[in-house]
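Take a look at the structure below.
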Amino acid sequence: MTRSALLVLADGRFPAGGHAHSGGAEAAVKAGRLQGAADLEAFCRGRLHTTGLTSAALAAAAAHGLDPHELDAAADARTPSAALRAASRRLGRQLMRAARAAWPSPELDALAAAFPRGAHQPVVLGTTARAAGLGPEDAAHCVAYETVGGPATAAVRLLGLDPYQATAVLARLAPEMDQVTARAAEAARQGLDALPAASAPLLDLTAEQHAAWPVRLFAS
């Protein structure tokens, strides 16, 4: 295992397409629920302990070597919003392109062949972590950070929020990211039936509304 590979995979500059998605922040800003740093922290915390936990466990399970077809079906079942399912598969397809260039492996090739339109992003991320020599906890860490990092970056662009304040939010959430990572990795070790299915219905509802906007800054 190499910590450098973990840094590469978790780096926001890794060309996996995440910069084009707000994680629901754009819809929250428009609805007036996200107006400043305090709102951002609450938004990210809620996302981390619901959809973040679910996605982190799926990624950890893929890194652990569980059947990616079963995990993709599990991800589908845990994503009620059609718009978010589509976004997850687009992100998975983009991540797959970057991952195969960075860490060529038969497992990534097989997953790409099995899902030509894209597997769900957490499944691809976990498989990528495995190809990079990383473990389930590493994959879960990547997802946990991405879950809050994406909305934080988006809030800076959407609100003109002070980037120092946004970074401070991430720093305050770091212990909770570790907790979510540990829970996700433990669930992955217990098998498919133990994977969490925590949800955030408001994110699902606003994702559907956001997808219908004629003009938007972010894809989701």
Side-chain angles (χ1 to χ4, degrees), residues 2-60 84 87-88 91 94-95 98 121-122 125 129 134-186 196 198-207 210 216-220:
T2 166
R3 290 299 172 195
S4 295
L6 175 59
L7 294 175
V8 172
L9 184 56
D11 193 334
R13 291 164 295 188
F14 190 73
H19 65 280
H21 296 259
S22 76
E26 186 169 22
V29 167
K30 184 173 182 179
R33 289 189 293 270
L34 205 171
Q35 300 182 19
D39 295 334
L40 175 63
E41 184 167 346
F43 179 88
C44 289
R45 177 174 287 111
R47 195 165 188 266
L48 175 64
H49 288 281
T50 55
T51 58
L53 172 62
T54 299
S55 295
L58 288 163
L84 290 181
S88 178
L91 284 167
Q94 177 68 21
L95 173 58
Q121 193 262 4
L125 192 150
L134 301 172
E137 290 85 357
D138 298 311
H141 266 298
C142 285
V143 173
Y145 180 73
E146 179 183 68
T147 296
V148 298
T153 301
V156 172
R157 296 172 63 186
L158 291 162
L159 296 170
L161 186 68
D162 184 340
Y164 293 121
Q165 292 185 15
T167 301
V169 166
L170 298 181
R172 287 194 294 272
L173 289 173
E176 294 179 56
M177 285 188 251
D178 289 344
Q179 294 167 13
V180 166
T181 293
R183 290 178 61 192
E186 177 58 29
S199 63
L202 187 57
L203 286 178
D204 295 320
L205 293 171
T206 55
H210 181 271
R216 59 194 180 196
L217 183 60
F218 291 93
S220 71

Considering residues, nucleotides and ligands other than Arg183, do more than 12 of their heavy atoms fall under 6.0 Å from its CZ?
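Open: at most 12 neighbouring heavy atoms sit under 6.0 Å from CZ of Arg183.
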Do other residues, nucleotides or ligands put more than 12 heavy atoms under 6.0 Å from the CZ atom of Phe218?
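Yes, CZ of Phe218 has more than 12 neighbouring heavy atoms, counting only those of other groups under 6.0 Å.
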Closest non-hydrogen atom pair between [X] and [Y], with its separation:
{"X": "Ala37", "Y": "Gln165", "result": "CB-OE1, 3.4 Å"}
{"X": "Ala166", "Y": "Ala152", "result": "CB-O, 4.1 Å"}
{"X": "Leu34", "Y": "Ala155", "result": "CD2-CB, 4.5 Å"}
{"X": "Ala59", "Y": "Leu125", "result": "CB-CD2, 4.3 Å"}
{"X": "Pro15", "Y": "Ala98", "result": "O-CB, 3.5 Å"}
{"X": "Ala154", "Y": "Ser22", "result": "CB-CB, 3.6 Å"}

Any side-chain heavy atom of Glu146 sitting closer than 4.5 Å to one from Leu91?
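Contact flag for Glu146/Leu91 side chains = no.
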Just wondering, do Thr54 and Ser199 contact through their side chains at under 4.5 Å, heavy atoms?
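A side-chain contact is absent here, since even the closest heavy-atom pair is not under 4.5 Å.
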How many angstroms lie between atom [atom1] of [X] and atom [atom2] of [Y], to the nearest 0.5 angstrom?
{"X": "Leu6", "Y": "Leu134", "atom1": "CG", "atom2": "CG", "answer": "5.5 Å"}
{"X": "Asp178", "Y": "Leu173", "atom1": "CG", "atom2": "CG", "answer": "11.0 Å"}
{"X": "Cys44", "Y": "Asp39", "atom1": "SG", "atom2": "CG", "answer": "11.0 Å"}
{"X": "Gln35", "Y": "Leu40", "atom1": "CD", "atom2": "CG", "answer": "12.5 Å"}
{"X": "Leu84", "Y": "Leu203", "atom1": "CG", "atom2": "CG", "answer": "7.5 Å"}
{"X": "Leu9", "Y": "His141", "atom1": "CG", "atom2": "NE2", "answer": "12.5 Å"}

Among Arg157, His210, Arg216, find the residue that satisfies the side-chain hydrogen bond (donor to acceptor under 3.5 Å, both in side chains) test when tested with Glu26.
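Going through Arg157, His210, Arg216 one by one, the side-chain hydrogen bond (donor to acceptor under 3.5 Å, both in side chains) with Glu26 is satisfied by His210 alone.
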Give a yes or no on whether the backbone of [Y] and the side-chain of [X] come within a donor-acceptor separation of less than 3.5 Å.
{"X": "Thr147", "Y": "Val143", "value": "yes"}
{"X": "Glu137", "Y": "Ala182", "value": "no"}
{"X": "Ser88", "Y": "Gln121", "value": "yes"}

Among Thr181, Leu170, Leu48, which residue satisfies the side-chain contact (heavy atoms from CB on, under 4.5 Å) criterion with Tyr145?
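It is Leu170; the other options fail the test.
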Which pairs with one or both residues in residues 7-59 pass ring pair (Phe, Tyr, Trp, His ring centres under 6.0 Å), sequence neighbours excluded?
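Residue pairs with at least one partner in residues 7-59: Phe14-Trp103.
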Hey, mind stepping through Glu176 and Val148 against side chain to side chain contact (heavy atoms under 4.5 Å, CB included) and telling me if it holds?
CA-CA 11 Å; Glu176 294 179 56; Val148 298; over 6 Å; no
